[in-house]
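Comments concern the structure below.
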Amino acid sequence: MAREKTLVLIKPGAIQRELAGEIITRFERKGIKIVGLKMMMMTDFLIQKHYAHLKDEPFFTELKRSMQDTPIIAIALEGNDIVKRVRILTGATNPREAAPGTIRGDYSISVSNNVIHSSGTPEEALAELQRFFDEDELFNYQRMNVMDYAED
Ligand code: IDP
Ligand code: MG
């Protein structure tokens with residue numbers, strides 16, 4: 001079991017649909033610790049880095065545009081094996097394949113409007129967190145009321 005941090009982005013489609021609070025609540029209700037959170041615009045540079053693996057896809061231009069429709073909300077989450085756990089809560093990329101109960105399964109209405117991003121691997125998470133957060137925007141603190149039996 002590894003102590004990790006991961007990155008979640010609440011995408012413009014979810015901001016437009018006023019789902020930000022519900023999405024943040026999902027993580028809080030699951031006992032997942034928020035260690036960073038901010039609203040920001042995705043710059044062209046940030047999108048090119050973040051979606052470098054998709055730059056040759058036919059949908060890249062549309063993806064880039066849709067990620068700049070509104071600001072996004074970037075969230076850093078921390079916990080044991082948190083990268084994998086948040087991916088499970090995120091659900092499949094395609095909403096038709098995303099299981100009910102997952103965030104995408106419950107809220108996503110198209111592949112390009114699939115509500116959130118979450119880091120795919122611990123390596124990806126490290127690189128993405130560095131890209132989106134300065135060191136002093138990530139916080140170390142104790143939660144007082146987390147139940148004794150919670151995993152973290
Ligand atoms: P992931 O977000 O589940 O990790 P990736 O393959 O890394 O999926 O793709 C990043 C994002 O690019 C997806 O979340 C989605 O918004 C967008 N995307 C991926 N495939 C398609 C597609 O076929 N059409 C339109 N957008 C896509
Ligand atoms: Mg991905």
Side-chain angles (χ1 to χ4, degrees), residues 1-135 137-139 151-152:
M1 210 155 58
R3 191 81 187 162
E4 300 169 339
K5 292 188 181 73
T6 194
L7 177 80
V8 165
L9 302 178
I10 301 181
K11 296 184 179 186
I15 303 283
Q16 296 274 18
R17 293 169 58 211
E18 302 179 314
L19 291 170
E22 297 212 22
I23 291 165
I24 293 166
T25 298
R26 292 273 183 131
F27 296 118
E28 287 193 314
R29 290 287 174 270
K30 187 68 182 166
I32 293 174
K33 186 179 184 183
I34 298 172
V35 294
L37 191 150
K38 65 177 174 181
M39 184 173 249
M40 60 189 281
M41 252 347 253
M42 289 273 280
T43 60
D44 288 356
F45 178 77
L46 205 48
I47 291 172
Q48 256 137 30
K49 290 271 182 197
H50 188 70
Y51 286 132
H53 61 297
L54 300 173
K55 69 175 172 14
D56 297 325
E57 296 291 339
F59 56 81
F60 183 75
T61 310
E62 169 58 18
L63 177 63
K64 186 162 173 285
R65 193 201 56 73
S66 76
M67 289 302 288
Q68 294 177 316
D69 274 347
T70 69
I72 52 114
I73 294 175
I75 308 172
L77 301 169
E78 184 185 275
N80 295 322
D81 296 328
I82 199 68
V83 177
K84 185 171 168 209
R85 286 165 52 206
V86 168
R87 278 297 270 198
I88 291 168
L89 294 177
T90 297
T93 311
N94 186 327
R96 295 181 184 184
E97 287 159 20
T102 65
I103 292 168
R104 285 173 173 168
D106 289 350
Y107 300 118
S108 169
I109 55 176
S110 72
V111 169
S112 55
N113 192 346
N114 66 358
V115 185
I116 65 169
H117 163 83
S118 60
S119 308
T121 63
E123 295 71 35
E124 204 174 278
L126 278 176
E128 292 180 349
L129 283 164
Q130 280 193 2
R131 206 176 289 141
F132 281 85
F133 286 94
D134 292 333
E135 249 172 65
E137 293 174 323
L138 295 176
F139 297 90
E151 221 178 281
D152 52 8

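Just so you know, ligand 1 is whichever comes first in the structure, and atom 1 is the first atom listed for that ligand.
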Open item on the list: Tell me which pairs pass salt bridge (charged side-chain N to carboxylate O under 4.0 Å, His left out) where either residue lies in residues 59-73, with sequence neighbours left out.
Closed with: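 Counting only pairs at least two positions apart or across chains, the salt bridge (charged side-chain N to carboxylate O under 4.0 Å, His left out) contacts touching residues 59-73 are Asp44-Lys64, Glu62-Arg65, Arg65-Asp69.
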
Open item on the list: So which atom in Pro71 and which in Ile15 form the shortest heavy-atom distance, rounded to 0.1 Å?
Closed with: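 Nearest pair, atom of Pro71 first, then Ile15: O-CG1, 3.5 Å.
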
Between ligand 1 and the protein, give all atom pairs where both partners are nitrogen or oxygen and the distance is under 3.5 Å, as lines of names plus distance to 0.1 Å.
from, atom 1, to, atom 2, distance (Å)
ligand 1, 2 (O), Arg104, NH2, 3.0
ligand 1, 3 (O), Thr93, OG1, 2.5
ligand 1, 3 (O), Arg104, NH1, 2.9
ligand 1, 4 (O), Arg87, NH1, 3.0
ligand 1, 4 (O), Arg87, NH2, 3.3
ligand 1, 7 (O), His53, NE2, 2.9
ligand 1, 8 (O), Thr93, OG1, 3.3
ligand 1, 14 (O), Lys11, NZ, 3.0
ligand 1, 14 (O), Arg104, NH2, 3.4
ligand 1, 14 (O), Asn114, ND2, 2.8
ligand 1, 16 (O), Lys11, NZ, 3.0
ligand 1, 16 (O), Val111, O, 3.2
ligand 1, 16 (O), Asn114, OD1, 3.4

Please tabulate, one pair per line, all N/O donor-acceptor pairs under 3.5 Å involving side-chain atoms of residues 95-106, not counting sequence neighbours.
from, atom 1, to, atom 2, distance (Å)
Thr102, OG1, Ala99, O, 2.5
Thr102, OG1, Gly105, N, 2.9
Arg104, NE, Asn114, O, 3.3
Arg104, NE, Ile116, O, 3.4
Arg104, NH1, Gly91, O, 3.2
Arg104, NH2, Ile116, O, 2.8
Asp106, OD1, Gly101, N, 2.8
Asp106, OD2, Arg26, NH1, 3.3
Asp106, OD2, Arg26, NH2, 2.7

- [ ] Answer yes or no: is there a donor N or O on one side and an acceptor on the other, between the side chain of Lys30 and the main chain of Val86, under 3.5 Å?
- [x]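 No; zero donor-acceptor contacts below 3.5 Å.
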
TODO: Spell out, as yes or no, whether a donor-acceptor pair under 3.5 Å connects the side chain of Glu137 to the backbone of Phe133.
DONE: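 No, because the side chain of Glu137 does not come within donor-acceptor range (under 3.5 Å) of the backbone of Phe133.
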
TODO: With sequence neighbours excluded, tell me which residues meet ring pair (Phe, Tyr, Trp, His ring centres under 6.0 Å) with His117.
DONE: His50

